[in-house]
**Q** 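Sharing a structure here in structure tokens format.
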Amino acid sequence: MREMILKAVANPPKILWGPFVPVLMNLGIQFPLMFMAIGIGDINPLFFLISVLVIHIIIVAFGIKEPHMSNMLQAYGQTYRQTKNLYKVKGMKFAP
């Protein structure tokens with residue numbers, strides 16, 4: 001059991017050598033834009049495929065430097081919430 005936990009922490013999930021969440025965000029944004037551009041403006045899809053490749057290479061470069069980028073993005077999304085103050089004070093306090 002201990003080995004599985006260490007392996008999961010040491011080797012975060014990757015898609016084509018890039019961190020999982022940023023790669024999915026890249027594909028999830030650019031492929032619908034590509035299909036809309038092809039349908040609306042009759043634009044060559046090679047432009048979008050080259051941009052997907054270039055941005056993927058950039059994501060892989062950042063992923064080599066910080067392999068836990070997916071976990072950091074997920075944690076940031078869960079912790080970036082505005083707090084409501086129960087009492088009037090200046091600034092934000094960590095009151096529920």
Side-chain angles (χ1 to χ4, degrees):
M1 178 85 176
R2 187 176 191 126
E3 294 173 5
M4 292 183 350
I5 293 172
L6 292 175
K7 184 176 180 182
V9 170
N11 297 325
K14 295 184 181 283
I15 297 176
L16 297 172
W17 306 284
F20 192 75
V21 172
V23 169
L24 285 182
M25 287 172 44
N26 178 32
L27 297 176
I29 291 170
Q30 289 208 21
F31 277 144
L33 288 176
M34 176 179 70
F35 291 126
M36 286 189 289
I38 291 170
I40 294 171
D42 208 20
I43 296 175
N44 189 355
L46 189 60
F47 168 74
F48 287 98
L49 295 177
I50 290 172
S51 70
V52 166
L53 182 65
V54 168
I55 293 175
H56 184 76
I57 290 171
I58 292 169
I59 290 172
V60 168
F62 282 125
I64 290 170
K65 183 177 181 183
E66 183 56 59
H68 296 281
M69 191 182 310
S70 295
N71 295 336
M72 290 179 359
L73 286 172
Q74 290 171 351
Y76 179 75
Q78 293 174 0
T79 59
Y80 189 69
R81 295 185 181 142
Q82 296 292 334
T83 59
K84 295 179 182 177
N85 293 336
L86 296 175
Y87 42 89
K88 288 191 172 188
V89 293
K90 290 183 180 179
M92 295 301 292
K93 302 295 181 190
F94 290 107

**Q** Apply side chain to side chain contact (heavy atoms under 4.5 Å, CB included) to residues L49 and F31 and explain how you reach the verdict.
**A** CA-CA 9 Å; L49 295 177; F31 277 144; 4.1 Å; yes
**Q** Do P19 and P67 touch side chain to side chain, with heavy atoms closer than 4.5 Å?
**A**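 Side-chain contact under 4.5 Å: no.
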**Q** As an exercise, state the distance from CG of N44 to CE of M34, rounded to the nearest 0.5 Å.
**A**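 The CE atom of M34 is 10.5 Å from CG of N44, to the nearest 0.5 Å.
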**Q** Table please: side-chain donor-acceptor pairs of residues 50-66 below 3.5 Å, with sequence neighbours left out.
**A**
unit_1 : atom_1 : unit_2 : atom_2 : d
S51    : OG     : Q30    : OE1    : 2.8
S51    : OG     : F48    : O      : 2.8
H56    : NE2    : L16    : O      : 3.0

